[in-house]
Novice: 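Dropping the structure in here first, questions after.
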There are 2 protein chains.
Amino acid sequence: MKSNLPDFDLDRYLPYRLTVIAAQLSARLSKQYKTQFGISIAEWRILLNLGYSGSGSVRDIEKRVSLEKSKVSRGVSRLEAKGYLTKSVDDKDRRLLKLALTETGVALLGELIPIATAYQEQLDEILGEKTQSLQSALDRLAESPD
Amino acid sequence: MKSNLPDFDLDRYLPYRLTVIAAQLSARLSKQYKTQFGISIAEWRILLNLGYSGSGSVRDIEKRVSLEKSKVSRGVSRLEAKGYLTKSVDDKDRRLLKLALTETGVALLGELIPIATAYQEQLDEILGEKTQSLQSALDRLAESPD
DNA sequence: TCATAATCGTTTCATTTGCAACGAAGTCAA
DNA sequence: TTGACTTCGTTGCAAATGAAACGATTATGA
């Protein structure tokens, strides 16, 4: 087809670019967590949140780590089945679940975190002095409306 | 559970951060393209690639726009069903498909591109002087070998 | 030439996803 | 108190996804 289209540079188009690079960066840890620990990214985020908050509801996690509530719900169930956390009803509000890591869960998280930290350090090394400007540019995008 | 975990800042963790922001940026255009034109992101990338390359095989698109070949295959089929492109066998190598936009496909793309361009400009505005440093930081990450 | 290997695009299949609907529990106001 | 409304977590369901297998075609090299 003859085309007389305006120019467009996909490689500089941020929605595309960020999606591709995010997938690239996530892929490595995702594979390692899956093969070595049988844990998905969603599960990792849940563990992490519970590790630091001490306990929380499905909704707390959903808001805090950017996961849909059905994903959180299913992730929590899997983690419970594997013995990494416990579910109980919150006494103050019986609609809520009180989720908390088990000892095994804490131990697992203790293995996952150093791996992520090492990866982040590696990325910071690659970025060098650009680390700060990247983070502050991302701050801007994150704050932007819609 | 008592925890004695090393510190970890998820909000500065790039694999997470980029994933969240990428999803946020993509969501807006994704919705608009879907509701207004019935087009998915994968289809948009396919259209875009064909619009500029003139024609190409499934594999060309796969490599060029970061889509799995099954996604390309299905996207191409949908676009063909909607009349936006044509499939034919490549005469030089009969394993390959020769894909090309129809007139309708070019017209559609002619509507999609200005929307994306306007969005990119809006993002550049939000980023201001940080646009360049963001792009160059992303260059670094993209080049990194994992 | 002929057998083997590689590549292309499609499809199968199990899993994942996102959305909406749901029951249970809590809130609010009349 | 009652009834309408909201919130919580789960689940049903249809669609999307990704990996592997497949047939068809081409490339390679003995």
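Predicted model, so just to flag it, every value in this text is computed and none were measured. Quick note: numbers below take in every heavy atom, side chains included, and nothing from hydrogens, waters or symmetry partners. Order of the sequence lines sets the chain letters (A, B, ...), proteins ahead of strands, with each chain counted from 1.
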Novice: Under 3.5 Å, which protein N or O atoms sit close to an N or O of nucleotides 5-7 of chain C? Give each pair with its distance.
Specialist:
residue	atom	partner	partner atom	Å
dT7(C)	O2	R95(B)	NH1	3.3

Novice: Output the residues of residues 66-78 of chain B in contact with DNA chain C, where contact means a heavy atom of the residue under 4.0 Å from an atom of the strand; sort by number or write none.
Specialist: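 Within this stretch, K69(B), S70(B), S73(B), R74(B) sit under 4.0 Å of the strand.
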Novice: Tell me every residue that passes salt bridge (Lys or Arg N to Asp or Glu O under 4.0 Å) with E125(B), counting only those two or more places apart in sequence or in another chain.
Specialist: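 For E125(B), no residue satisfies salt bridge (Lys or Arg N to Asp or Glu O under 4.0 Å) once neighbours in sequence are set aside.
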Novice: Can we call the ring centroids of F8(A) and W44(B) under 6.0 Å apart?
Specialist: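 Yes - the distance between ring centres of F8(A) and W44(B) falls below the 6.0 Å cut-off.
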Novice: Looking at OG of S53(B) and CG of L99(B), how far apart are the two atoms once the value is rounded to the nearest 0.5 Å?
Specialist: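 CG of L99(B) is found 9.0 Å from OG of S53(B).
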Novice: What is the 5' to 3' range of DNA chain D, first to last nucleotide, that sits under 4.0 Å from any heavy atom of chain B?
Specialist: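 For DNA chain D, the relevant span reads dT17(D) to dT26(D).
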Novice: Please collect all salt bridge (charged side-chain N to carboxylate O under 4.0 Å, His left out) contacts where either partner lies in residues 66-81 of chain B, sequence neighbours excluded, each pair once.
Specialist: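 Qualifying pairs, neighbours excluded: E43(B)-R78(B), E80(B)-K87(B).
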Novice: With distance as the sole test, does S144(A) use its side chain to make a donor-acceptor pair with the main-chain N or O of L141(A) at under 3.5 Å?
Specialist: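 A pair under 3.5 Å: yes.
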Novice: Test of understanding: clusters of I, L, V, M, F, W, Y form through side-chain heavy atoms closer than 4.5 Å, transitively. Do V65(B) and V72(B) belong to the same one?
Specialist: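 Shared cluster, yes.
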Novice: Looking at D93(A) and K98(A), does any basic side-chain N land under 4.0 Å from a carboxylate oxygen?
Specialist: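 K98(A) and D93(A): not salt-bridged.
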Novice: Using a 3.5 Å distance criterion without hydrogens, assess whether the side chain of R17(B) forms a donor-acceptor pair with backbone atoms of Q135(A).
Specialist: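 Yes; at least one donor-acceptor contact below 3.5 Å.
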Novice: Mind checking what makes salt bridge (Lys or Arg N to Asp or Glu O under 4.0 Å) contact with D11(B), not counting sequence neighbours?
Specialist: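 In terms of salt bridge (Lys or Arg N to Asp or Glu O under 4.0 Å), with neighbours along the sequence ignored, D11(B) is linked to R64(A).
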Novice: Just checking, is any N or O donor in the side chain of S66(B) or Y16(A) under 3.5 Å from an acceptor N or O on the other one?
Specialist: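 Note: S66(B) and Y16(A) side chains meet the donor-acceptor criterion.
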